[in-house]
Structures are given as C-alpha cells and as structure tokens.
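Naming convention: chains lettered A, B, ... in sequence-line order (proteins, then strands); numbering from 1 in each chain. Only heavy atoms go into these numbers, but all of them, side chains included; no hydrogens, no water, no symmetry mates. In this text, all values refer to a predicted model and were calculated from it rather than measured experimentally.
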Amino acid sequence: MIDVARLRRLLLLALLGCASPALAYPDRNLDIIVPFSAGGGNDVFIRALQPALERELGTHLVVRNLAGGGGAVGLTHVARLPADGYTLAVVSDGLLTQVAMGNVDFVPEDFDFVAKILEEPYLLAVSRDSPYPDLATMIEDARGGKRIKIGVSGVGSSAYLTAGAIGDALGIDPILIPFDGGTETVSAVMGGHIDAVVLGGAELRSALSSQRVRALATSYPERSASLPEVATFIEQGIDYQTSVFRGLAAPKGLEDSHRARLVEALQRATEDAGFHTTIGHLGTDLAPLYGEELDEFVLTLAERMNQQAEQLTQ
Amino acid sequence: MIENYLNGLSMISDWGVLLAIAAGTLLGVVIGALPGLTSAMAVALLLPLTFGMPAVMGVGMLLGVLCGAGAGGAIPSILLNIPGSPASVATSLDGFPMARNGEAGRALGIAIVASFVGGIVSAILLSMLAPPIAEFALRFGPAEYFALSVFGLVIIASVASQSMIKGLIAGLLGLFAATVGMDPITGVARFTFGELSLLTGISLLPALIGLFAVSQLIKDAIDYANVGSRHDAPIDALQIRTARPRWRDTFSHWRALLSGVGVGSVIGPVPGAGASIASLISYDQAKRWSKTPERFGSGNPEGVVATESSNNAMIGGSLIPTLALGVPGEAATAVLLGGLLIQGITPGPALFADPSGTIYGIFLAYLVANIFMLLVMWLGIRYFVRILAVPRKLLLATVTTFCFIGVYGVAGDIFDIWLMLGFGVLGYFLNRYGFGTAPLVLGLILGPIAEANLRRGLLIFEGDWSPFLTRPISATFLCLAILLLTLTLWQNLRSRA
C-alpha cells in the first residue's frame, strides 16, 4: 500500500533539502527502539503517537522492536549508542525497576529522559464476588490474621515492587503471587483463585468496564477522569501514591538544541485528536512532563524503586 | 437473536469489509506457510493499519490473519517436513510421510477440509456458547493448570516414536531447557551465564524453528550433498491434477475429526495452554481412538485430520475468553485484544448485550474468514503441490532465509538466531539417533507451566498439597494422566512380549 500523502511530503522535503544547504535537526529518519515485542503497552503507545510525531518532526520514525530479557536487551543496546539524537528508546518505569533489581548493567544516568507522555494508575482490585466491599474491610480482615493473596504480573516487575509497597503502606503482610502476565493475573482474580491484584489501569480496563472486577483504590494522588468512581489511597487515609509512566529517552549526551526540538514536536503531537482517542480507549492518561521537572520525577521514582527492591531482596 | 445476526450481516456486507477480511486471510495463509513468521507477528504489524478502519472491518482483517495462518501452516509441514507455524508441528508427523508416499495432494486436500471443519465448528461454538465456556475456563487456577500440564507431559510417552527411554530422555532435556531464565516465583536468574536475552528464558519460537525447521534443513542439505540433484523427485502430472480438497476422505475419518475438533475446542479457551500442545494432544487422542494406531507416523491420514482440525478449532476457542472476558488464550489473540481495545470495543458480558450488535458482526466476520480460508487454499492447492517440483537447492536456500528473517523479526535480538541454530543442530542429532524432537518440545512448553503453577498453587494453599488432589478439575486431569500412563506402559509391555 502506498501512502500518497506521505510520499508527497517526502518529495517536498527532498526538494526543500536541495534548496537549503544547512538542514536543521532532524534531517533523516529517527530510530525508535521499543524494548518489548509488538502489541505491548510501550509499542502501542509509540505507534499511536507515530503519525502525529512524524508530521511535527517532518521525518519518518523507524520503530524497531528489540525485545528480550523483559526490556533489558533493548535498553542495554540503546544505552551504548552514540548520543547523536537519531535514536530514542520508548521507556517506562520498568527501566528503573530493572536497575533496582540489579539484573542489568545500565543505570538511569545512562539516559537523557526527553519526555514523559502517558501515565496510568496502579489499581488494587478484587473480583466482583469478593467479600471485601472496600479497602477498610480488607485491611481489617488482614490485621485479624488473614494473609491476603495479591496477584501481580511478573516477578521482580514494577507491579511486584508496587504491590509490596502497598502492603507496607496498608500495614499488612500479604502473600504476593507472581503470574506470567497481566491477563493471567486478571483471570486468576476473576476465577476467585486469589484475593486481589495490583495491576496497571490499562491491563485492568476491560475487566473493570465489564464489571467482573472492582477497584478498591487507585495509586494516583487524585481521582482520574477516566476512573472517577475509584477512590485514591490518600482519600482512604493511606499515605501512598505512584503511577506507571511511559515516555521517550535518548542515550546520555543529547544536545540541548536537539532536545528542545524533540520536546517542541512532542508537545504539539500529543495534542493530536486521533492520539487522544486511542489513549482514551486504552485506559491511560495524558500527563506530559519535560526538562528538569522530568529529571526530578525520574530521580524520585528511581530512589523509591531501589528502596522497595532492597526490602524485597533482604 | 436472528435480528442480531441480520444486523451483523449488514455490517460485513460491504465490499471494503469483505476485501479487508479476504486480504487478512490471504496474508495469514502466506505467513502461516512461511516457517518463522507467526500470526502474532502479522497481527501486531497490521494493528496500526486498523486504527483508521471501522471496528468490524479492522477486527475482521485480524481474524482473517489468525484463520489463514492456522491453515497455511500445514503446507510446508506436509510438503517439506518443516512446520510453518508452531501449531502445525504435529501435522508433519503423518503429513510428510504421506507426501513421501506420493500422496502430497491428498494430504493437503485433507488438511484443507479438516481446517475448515475445525474453524466452522469453533465459529458456531463461539457464537452460541462463548459466555458459559468462558466462565468454565475461569475455574482454571494454579492447581488446574498444573494438572493439565502433567496430563500433557504424559503424552511424551506416546509421541516417543521408537523407544520409550529415548523419548523420556528428550522430554527431560526439554524440561531442563525450560528451567533457564528467571525463576518464575523468586526472580533468581538460573543458567543465564550473564546473557541478558536468557533472563526471560529460552524463547519458544527460535527453539521451535531450530528443532523442526533448521534440523530438517541440515538433514536435507546433507542428503543433497550425498545424493546430489538426483534427489529431486520429479512430480507427476497426476499428483497435481488430483490435488483438491478431499471432503469424503476427511469425513470418513470421523473419529479423528471429532477428537481434533473436541480437543481444540476444549484446550483453546483455557488461557495460556498454547496452540502447539492442542494439536499434539489431539494427535495423541486420535491415535488412541483409532482402529489402526500402529499406522500413525507412517502416513496415516487420520493424523493430519486430527491435528489440522484441532489447530483451527483452537483459534475460535481462544477467541472465547478474549471476547467474553478480555482474557486472551494465546499470543496472537493477546495482540488482537489490543486491537479490540483501540477500536473502543471492550470485551466482556456487556459486549454480548451491546445494542450496536458489534459482537455479531465479529462472529460473522470470523465465519466469513473461514470461508475465505477455504477458497484461498482451494484455489492455491495445485500451486502448493508444485513446490515439490522446485529444485531442492533453491528451496533449501529460500526456507533458510525465511527462518532467519522470521526469528530475527520477532524480537530483533541476534541472540535468538544463535539459539535457533543451536537447537537446529540439537534437533538434527536427536532425529538422527531416534530420540525425536516432539518430546523435547512438550517438555519445553509444559515445563514452565507445570513448575510455575505448582509453586503458585503451594503459595496460595499456604504449603498444603491436598487441594491439587481434591479440586475436581485438577483431580480429573491427574486421574486421566495416570490412566493414560498405565495404558501406554501396558501396551508397550504387551507389544514387546
């Protein structure tokens, strides 16, 4: 299939390129490395953003899925690349988790974080047939001696660390049951094999809207527009907040002018209506963050992940 | 009810929609026929294309890919002894010997009809019984998965072709390979030797392509070097003329057809059970119920009927929990679920009651995809058979290329290529010395399911073993496993005596 509009744009660009000798960044295709296989959360995010971002940058994005090692292979590859501004990685908090768990050679400082685009909450959810109507009853039962079985996706994953942290915040000692992926975890709680799950909002979206699963609390600091009926931990008197994030990062040493150009394009691309519809369907929220604020955000999150991982591996 | 289907019919009676389904099906057949390229990958690559399409059109195209790939996998399995997709591994066990006996056209004809029947039955089951079946599938917890995988592992004893002890050795090799990677419960890295790519374990696709495709390519290349071009068997005109769908032939093996459709429909809806074990289990069942079990493995059409009907029945089956609960049955439907969500279609009971009737459009799109699959295969069968007329050396080179592209394409990880080659060499020697590769695959696929679920179960039951024996579904599978094992051992003893 030939995309005529795209072809025309390319021709036009080629003509422009002949006219002006010194072309501004970017003057060729950008490589985007997704450290997971096609169809996952990070992959769908960048592919949904791709058309708008290509338009704003005036170049093509070549999205490559470099999966393996639960994201470790792709990120290790990117961390070693030169910082010429032509390779970006789609990153999420999984990067920080892997560093915290000590399975990889890179550190967060090997990357220049360009943007945080999406956020989704972690939800503590139970089956619709669960005996716990709300968070308070669950806590009460747990403090009475019952060990709550909480399912999470993947051992040593972000959800795993988060579930441990939530247990601490609630003052209970749950048994964490790692499953291979989000869907296995959801079906286990639906079938009543475990008491609760801690999962990202997108993974729970279809189960929530079919009302097979009820969310007891969201990890957002405030209630989100997409899940207005779910109360936060803070509202329920539990001092806990966090979120899953997805964004873009470059190998360390990105030039300031390149970063400014990317941020400008991203700011405009994320206003695209088609992109909004897609992320709305997926159960994620637009929460852009750039520059120093982003660096601070990443630093805080990394520190917390390290603490949680330390507690876990003791 | 009827109104719903008429409404659905109006959704798909549109040239654009039909064209999208047909294109998806054609692509699926091609992807399925090329070793290394999987339907999960094809669905993921087509996903961005569906963003701009109406819901039924986009989903219909993706269903076409699944459906086509289910049938296309049989082509190289039968003609070249190289499974096109993991789900058609068992097809080559009898399909290739048939082709060797000059019955390539017949084997393909049977495979087409069996695939079609499996697909249609599963489409009907899907549209009529999806919600109750999905509820049943939810009752599979860790104990049930463990029992199911034990049941699957017992099959090693019967797919071990020549000697029981060699089959068991191969099976144990598979179980050992399955322990590589992060421990599923505690996260400790096992046997990774610092290799990042091994953190998530041995990737299944490179291992399967290595064991089944590369090992066969090595064998062919060695044969070719010894015999030279005389090895090219001339294909006679009669073979091409008689290559057509075999309706009566297929239905005359109704026992195998029934067991294939039955096993596919039962295993398909259980999330995570895996397409490749559905066809191996149904092959095993067909062998047990057959009147001529001794002919399995030497070109028995029943083997082809059982595996091909089951791997297409499995597709409809795996759509059941995907649509009714939002829990996909295997890799390709997991990507499909992403496609549904992007289209704004939220799976679950609400979808079945949704006044827009989109779900009925999806049912009919799947039904139509099966019909297109039959047409594509019907029109293509004479050309498929001609593959045998292609000089062996060209064929070897082409298939090798596709193996490399496919394996690299999935994750873009060069380590997977080495893994594929390593398993290729292993597979060559396993076949050469009569150990067989099917037992190893069963160990490799079922090992992680058995281990993780046993330990998960013990966590949930707080160290108590008894629920594994007292939960009804789990107990049933374990009893069946013991029964099958005793039967196999007894038959083995008797045949030796």
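Around the CG atom of A:Asp105, the shell of radius 6.0 Å holds no more than 12 heavy atoms that belong to other residues, nucleotides or ligands.
A distance-only check finds no donor-acceptor pair linking the side chain of A:His193 to the backbone of B:Gly457 [under 3.5 Å]. Between the side chain of B:Arg139 and the backbone N or O of A:Gly191, no donor-acceptor pair lies under 3.5 Å.
Put simply, NE2 on A:His77 and CG on B:Asp413 are 10.5 Å apart, with the number rounded to the nearest 0.5 Å. To the nearest 0.5 Å, the span separating CG on B:Leu459 from CD1 on A:Ile177 amounts to 4.5 Å.
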Fill in: Working for salt bridge (Lys or Arg N to Asp or Glu O under 4.0 Å), residues B:Arg456 and A:Glu184
CA-CA 12 Å; B:Arg456 229 170 257 152; A:Glu184 285 92 340; over 6 Å; no

Practice prompt. Please assess A:Val155 against B:Thr186 for the test side-chain contact (heavy atoms from CB on, under 4.5 Å), listing each intermediate value before the final yes or no.
Written response: CA-CA 7 Å; A:Val155 57; B:Thr186 63; 5.6 Å; no

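Within the 4.5 angstrom heavy-atom criterion, no atom of B:Asn453 approaches chain A. At a 4.5 Å heavy-atom cutoff, A:Ser157 makes no contact with chain B through either its backbone or its side chain. Contacts between A:Leu176 and chain B at a heavy-atom distance below 4.5 Å involve the backbone alone (N, CA, C, O). Of the two parts of A:Asp180, the backbone and the side chain both hold a non-hydrogen atom closer than 4.5 Å to a non-hydrogen atom of chain B. Contact of A:Phe179 with chain B is made through backbone and side chain together, with heavy-atom distances under 4.5 Å. Contact of A:Leu66 with chain B is made through backbone and side chain together, with heavy-atom distances under 4.5 Å. Neither the backbone nor the side chain of A:Ala188 comes within less than 4.5 Å of any heavy atom of chain B. Of the two parts of B:Tyr408, only the side chain, counted from C-beta on, holds a non-hydrogen atom closer than 4.5 Å to a non-hydrogen atom of chain A. Using a 4.5 Å cut-off between heavy atoms, B:Glu195 does not touch chain A at all. In this structure, chain A has no heavy atom under 4.5 Å from any part of B:Ser203.
For chain A, the option among B:Ile185, B:Leu340, B:Val43 with the highest count of heavy-atom pairs below 4.5 Å is B:Ile185.
A:Arg212 and B:Leu138 make their closest contact through NH2-CD1, 3.4 Å (heavy atoms, listed as atom of the first residue, atom of the second, distance).
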